[in-house]
Number of protein chains: 2
Amino acid sequence: MSADPIALAESHWTDHGWAHSAPGMRLVTTITRVQQLLHQRIDDLLRPDLTFARYEILMLLAFSRRGALPMSVIGSRLQVHAASVTSAVDRLERDGYVTRERVESDGRRVLARITSAGRKRAKAATDVLNREVFDDVGLPTATARKVTVDLDRVRAHLGDACDAERE
Amino acid sequence: MSADPIALAESHWTDHGWAHSAPGMRLVTTITRVQQLLHQRIDDLLRPDLTFARYEILMLLAFSRRGALPMSVIGSRLQVHAASVTSAVDRLERDGYVTRERVESDGRRVLARITSAGRKRAKAATDVLNREVFDDVGLPTATARKVTVDLDRVRAHLGDACDAERE
DNA sequence: ACTAGATACTTTGACGTCCAAGTATCTAGA
DNA sequence: TCTAGATACTTGGACGTCAAAGTATCTAGT
């Protein structure tokens, strides 16, 4: 019997009469585990002043035309809750990578703006992540692309608007 | 241009000269997003008394020979930090699904034991998750298996001991 | 001109993640 | 017999997730 906890769980599923659900269960658990490993690795590389969540916000701002975006747009683009954006931007502001300013023409809106220290940190973080994570995820590029296409179908199935719907 | 935030990010990556890293970045971000969607869906189905983390512990105990396991074994099997096990078992105990008892022969060890209410809840939760998530993840079974195999290679690459190492 | 409803953001709280530190117990070796 | 080092678990804290609620601002319609 395998020592892999996920393979073990699949065996249990089958033994208990849920063979039909076992492949789906194994895929879901595997996705959860891979995400956990990736995030541990990425957070290790970005420590102590960045996490993946904060890094994503910095990159979004770095890519934007004026280096600033309303908080609601950040939440929408990263597909996270407004409260999560508030929390992460709080820390980026604390560390001097971002500033916040109210939009004069619409008092409801807050712009998060990347600072030059933030741009510099974003660049350094990207260099590390490209080199240590993204350049080699353990699959040949063609396979990585194929897995992404398949996972886009899972995203579409779960309600995400993504490119899988255009195929 | 695509409205998919992840596809957009890949375009930015390529535009900034990081084309080599772009497929890896897209896969990593897609895995993160799929995991987020899956967990939102699963937690919605298990609310209000279970989360995926707690459900996994219940299933581990339900599958075990005596319906009880030391906390350290739970952490090891689920590959989470001991403090996370403490937190989740606290809540399972609060809700009457699990009890805790110190091992007489080894005072360091605490056994978590599933109660009959816990078994019943685990069964009901499995029925719901099998029907609503695992039976149809948006991919044909053969494709789901193939993606799992590929993600196992990513796990192995990141240091997990799993079946990918035996192939 | 006014207001109900919508939008934007923050705050509070629960949750589970990990890290670091603390407490309790066990054990191999001297 | 004793103790240093190891093991097991809990606690405190930071973090980011979401839900719910609160506060502030905007706007379409009357």
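The analysis underlying the following values was restricted to heavy atoms, covering all of them including side chains, and did not include hydrogens, waters or symmetry mates. Chain naming here is simple, since letters A, B, ... match the order of the sequence lines and numbering starts at 1 in each. Every value quoted in this text rests on a predicted model; they were computed, and no experiment measured them.
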If each of A/Arg109 and A/Ser87 is mapped to the nucleotide of DNA chain C with the nearest heavy atom, which maps nearer the 5' terminus, i.e. the 5' end?
->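 The 5'-side residue here is A/Arg109.
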Along DNA chain C (nearest heavy atom to each residue), the more 5'-positioned of A/Arg102 and A/Gln36 =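 The 5'-side residue here is A/Arg102.
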Under 4.5 Å side-chain linkage, directly or through intermediates, the cluster mates of B/Leu111 =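 Besides B/Leu111, the cluster holds B/Val103.
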Reckon A/Thr86 has a side-chain N or O less than 4.0 Å from the OP1 or OP2 of C/dT10?
->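 Checking C/dT10 against A/Thr86, a side-chain N or O does come within under 4.0 Å of OP1 or OP2.
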Could you tell me whether the phosphate oxygens of C/dC15, OP1 or OP2, come under 4.0 Å of any side-chain nitrogen or oxygen in B/Arg91?
->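 For B/Arg91, the contact criterion (side-chain N or O under 4.0 Å from OP1 or OP2 of C/dC15) is met.
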5′-ward residue of the pair A/Ser84/A/Ser105 relative to DNA chain D =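 Its nearest nucleotide being more 5', the pick is A/Ser84.
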Residue met sooner reading DNA chain D from 5', once A/Ala82 and A/Pro48 are mapped to nucleotides |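 Nearest-nucleotide comparison on DNA chain D picks A/Pro48.
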Does the side chain of B/Arg119 pick up a donor-acceptor pair with the side chain of B/Thr115 at under 3.5 Å?
->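 No - no donor-acceptor pair under 3.5 Å links their side chains.
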B/Thr29-B/Arg33 side chain donor-acceptor pair, cut-off 3.5 Å |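 Not at all, the side chains of B/Thr29 and B/Arg33 share no donor-acceptor pair under 3.5 Å.
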Interatomic distance, [X] [atom1] vs [N] [atom2] [rounded to whole Å]:
X	N	atom1	atom2	result
B/Phe52	C/dG16	CZ	C1'	13 Å
B/Leu46	C/dA14	CG	C1'	16 Å
A/His39	C/dT17	NE2	C1'	12 Å

Assess the pair B/Phe63 and A/His16: is the distance between their ring centroids shorter than 6.0 Å?
->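 They qualify: ring centres under 6.0 Å apart.
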Describe the nucleic acid contact of B/Ala53 in one word from base, sugar-phosphate, nothing, applying a heavy-atom distance below 4.0 Å.
->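 Since only primed, P, OP1 and OP2 atoms lie under 4.0 Å of B/Ala53, the category is sugar-phosphate.
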Please work out if B/Val80 contacts a base, only the sugar-phosphate, or nothing of the nucleic acid, heavy-atom cut-off 4.0 Å.
->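 If one applies the 4.0 Å heavy-atom cut-off, B/Val80 turns out to touch the sugar-phosphate alone, with no base involved.
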Please list all pairs passing the ring-ring contact (aromatic ring centres under 6.0 Å, His included) test where one or both residues lie in residues 68-101 of chain B, with sequence neighbours left out.
->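 Qualifying pairs, neighbours excluded: none.
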Quick one: how far along DNA chain D does chain A reach, first to last nucleotide 5' to 3', anything under 4.0 Å to a heavy atom?
->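 Contacts span D/dC15 to D/dC26, reading 5' to 3'.
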Just wondering, more than 12 heavy atoms not from A/Arg94 lying within 6.0 Å of its CZ?
->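 Atom CZ in A/Arg94 is crowded, with more than 12 foreign heavy atoms closer than 6.0 Å.
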